[in-house]
Amino acid sequence: MSVAIPTIAVSTLALGWILLTNTSASLLLPDPNAARDRFAYAVNIPASSSPSNLQLRLRILFHLCSTYAVILPLASFLWAFDDIFFRSYKTVPVVTPLIIISVPRGGTTSFHRTLALDNRFVTPSMLELVMPFLCLQKLVYGLHRMAPTAVQQLERFLKWINGVTSDVEARHPISLFAPDADDILLGEWHWISVGAVRTFPVASSWQHHYQMDAHTKLQRERSLLLHQRMCQKVLYHRGGHDVDDSNSSSKKRLLLRSHLSPCVPDFQRLYPDATILGILRDPIDVLRSFAGLSQVAVKTATGVDMLAATESISSPWPPLFVKILSDMMARESLLYGGDNGETWSEPPDRNPWMGQCHHITFAEFKKDPAQALETIFTRIQLPLTQQMKKAMHQGLGHHETYKTRHTYTNPTLEAMGIDQNAFLTLPGVARYSKLLKQPVSDGDKRIMDSPDHATRINPSLV
């Protein structure tokens, strides 16, 4: 008996690897370049600059070993189970999705979670992003309904092992069932995107892993296919697409919050009929809030202090915050037309999102959330239903109560060694700042005057 158990375990993991290398479960494998970067850093023990750096390398090495030896082989069974018993999810169309594209800490969490209160939409939850398996999702959602206390205990355990402390949640409340951003999916599974820093806080690699448009076409397409499968599973499970029913009124529309700015051209090809929503915030506030959350989240998860500096050595992280956020702001501002009318696609008449991009400012949303959301619904020509009005009132009240109970201080630009004027005059940041003074963009005006706009919207949702 003592010999049989290890034999069964090894055989199970070996079978898992067969599935990983010979079926669509291979989508779960990390990006090869990102994996090589992690392995090279982890095994280079002699390069450890301090005991804490040695601890980080060992932590990354443990994460690599556990991922490849246990997590991925077991995950392949869950993926294969989905493909066998829920295989029709692959045929679910992602039609006229609403995609929130914005920089992190721009007010997107509140904006996204408030929009998600509308029962005409379905949006990925944290559970669906970190565990993209229908069989497991159905089990957890079912258990949540029947034994919520047990799921709460599971959630507390998962937060504990991932270093999600009260300091992290004060800035960004986390729950398995709360809507969240799609960079979590690729950060956790492919080890790329801006979200990859949580488990691999190495400054020399972060920008490359974020810059997905610089990755090989094959690897980018593989990551986007995993992303698409996640969206299809969400629609299949909770969007009314799991029933073979031609009645489209029972089907929901995908609402997605994305921080994958380098993938906008790819999204345009995948979802040409998408409606794009954005919320813009003062760039200084974005930078400070992004640095504050990154610092707390990474330190509690890995022990790395992203803002640590000495008199002779400055931290490499604040300049990276500036580079990545300014790049994201530049890309986001192009969605609404740049100073000279630039757009993502050239020539402009090939841009499938022309006239379908709308934004509000964080200041507008904070001052009067109900009015700001009513403005957005008007622009996308969707009626604001009574269900949404009621849910919005309750949801915003809860959010305001949560914020008043949690206080924190974000690092100043001076403390990070960032020159404010230099940051604000970066081309992407300057263009983004200019949009803050233009709540209604030219694209919004065109869309309101366009007679064929209603045909772009799923009529079952009107």
Side-chain angles (χ1 to χ4, degrees), residues 6 9-21 25-79 129-132 157-165 168 183-212 215-216 219 222-223 226 294-308 313 315-317 320 324:
V10 171
S11 300
T12 300
L13 296 177
L15 178 57
W17 263 101
I18 293 175
L19 292 173
L20 273 173
T21 53
S26 61
L27 283 177
L28 297 172
L29 288 167
D31 178 273
N33 291 326
R36 278 193 291 270
D37 286 348
R38 293 191 180 212
F39 182 77
Y41 185 84
V43 299
N44 192 11
I45 302 296
S48 301
S49 56
S50 65
S52 60
N53 184 252
L54 173 61
Q55 185 180 23
L56 174 64
R57 292 174 190 269
L58 294 176
R59 182 191 295 269
I60 293 171
L61 184 61
F62 175 78
H63 183 245
L64 280 164
C65 294
S66 60
T67 297
Y68 280 97
V70 180
I71 296 174
L72 283 170
L74 294 180
S76 70
F77 286 100
L78 299 173
W79 192 272
L129 293 165
V130 299
M131 303 178 189
F157 171 74
L158 292 174
K159 288 180 180 180
W160 176 72
I161 63 172
N162 284 283
V164 178
T165 64
V168 174
D183 61 304
I184 294 172
L185 172 78
L186 298 185
E188 294 297 315
W189 290 97
H190 281 189
W191 298 344
I192 56 175
S193 80
V194 70
V197 71
R198 192 188 69 81
T199 54
F200 189 56
V202 176
S204 59
S205 299
W206 188 29
Q207 187 172 7
H208 172 67
H209 295 158
Y210 152 76
Q211 207 83 29
M212 289 180 61
H215 298 178
T216 66
Q219 289 304 324
R222 194 173 74 88
S223 294
L226 175 63
S294 300
Q295 155 72 358
V296 172
V298 169
K299 189 172 183 178
T300 55
T302 65
V304 172
D305 188 343
M306 302 178 87
L307 301 181
I313 303 176
S315 170
W317 292 101
L320 282 174
I324 289 178

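Being a predicted model, the structure only gives us computed values, none of them experimental. Heavy atoms only: backbone and side chains are in, while hydrogens, waters and symmetry mates are out.
- Formation of a donor-acceptor pair under 3.5 Å by the N44 side chain with backbone atoms of A40 is not found in this model.
- Applying the ring pair (Phe, Tyr, Trp, His ring centres under 6.0 Å) test between H63 and each of Y41, W191, F200 identifies W191 as the sole match.
- Rounded to the nearest 0.5 angstrom, T216 OG1 and N33 CG are separated by 7.0 Å.
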Notebook entry, point to check: Going through the distances and angles, do T12 and F77 end up as a side chain to side chain contact (heavy atoms under 4.5 Å, CB included)?
Noted result: CA-CA 9 Å; T12 300; F77 286 100; 3.8 Å; yes

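- Between W17 and Y68, the ring planes are parallel. Angles under 30° get that label, and only those over 60° would be called perpendicular.
- For the pair H190 (side chain) and L185 (backbone), a donor-acceptor distance under 3.5 Å is absent.
- For I60 against A42, the heavy-atom pair with the smallest separation is CG2-CB, 4.0 Å.
- Judged purely by atom type and a 3.5 angstrom limit, S76 uses its side chain to pair as donor or acceptor with the backbone of G16.
- With rounding to the nearest 0.5 Å, the separation of CG in D31 from NE2 in H209 is 7.0 Å.
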Next item on the list: Kindly determine whether L320 and M306 satisfy side chain to side chain contact (heavy atoms under 4.5 Å, CB included), including the steps that lead there.
Entry: CA-CA 11 Å; L320 282 174; M306 302 178 87; over 6 Å; no

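- Here the NE2-CD1 distance, from H208 to I192, works out to 9.0 Å after rounding to the nearest 0.5 Å.
- L28 and L72 make their closest contact through O-CD2, 3.6 Å (heavy atoms, listed as atom of the first residue, atom of the second, distance).
- None of T165, V304, D305 except one satisfies the side chain to side chain contact (heavy atoms under 4.5 Å, CB included) rule with K299; the exception is D305.
- Listed by chain and residue number, S50 satisfy the side chain to side chain donor-acceptor pair (under 3.5 Å) test with S52 (two or more places apart in sequence, or in another chain).
- Residues A47 and R57 approach most closely at O-NH2, 3.6 Å, considering heavy atoms.
- L226 approaches L27 most closely through the heavy-atom pair CD2-O, 3.9 Å.
- Heavy-atom minimum distance, P32 versus Q219: CD-OE1, 3.1 Å.
- Once rounded to the nearest 0.5 Å, the distance linking CD1 of I71 with SG of C65 reads 11.0 Å.
- What you find for T300 and G163 is that their closest heavy atoms are OG1-O, 2.7 Å.
- In this structure R198 satisfies the salt bridge (charged side-chain N to carboxylate O under 4.0 Å, His left out) test together with E188, sequence neighbours excluded.
- To the nearest 0.5 Å, atom CH2 of residue W317 and atom CG of residue L307 are 10.5 Å apart.
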Next item on the list: List the steps and the verdict of side chain to side chain contact (heavy atoms under 4.5 Å, CB included) for L54 and I45.
Entry: CA-CA 7 Å; L54 173 61; I45 302 296; 3.6 Å; yes

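- Side-chain atoms of W189 come within 3.5 Å of backbone atoms of V130 as a donor-acceptor pair (strictly under, hydrogens ignored).
- For the atom pair CG (L61) and CZ (R38), the distance works out to 12.5 Å, reported to the nearest 0.5 Å.
- No donor-acceptor pair under 3.5 Å is formed between the side chain of W206 and the backbone N or O of P201.
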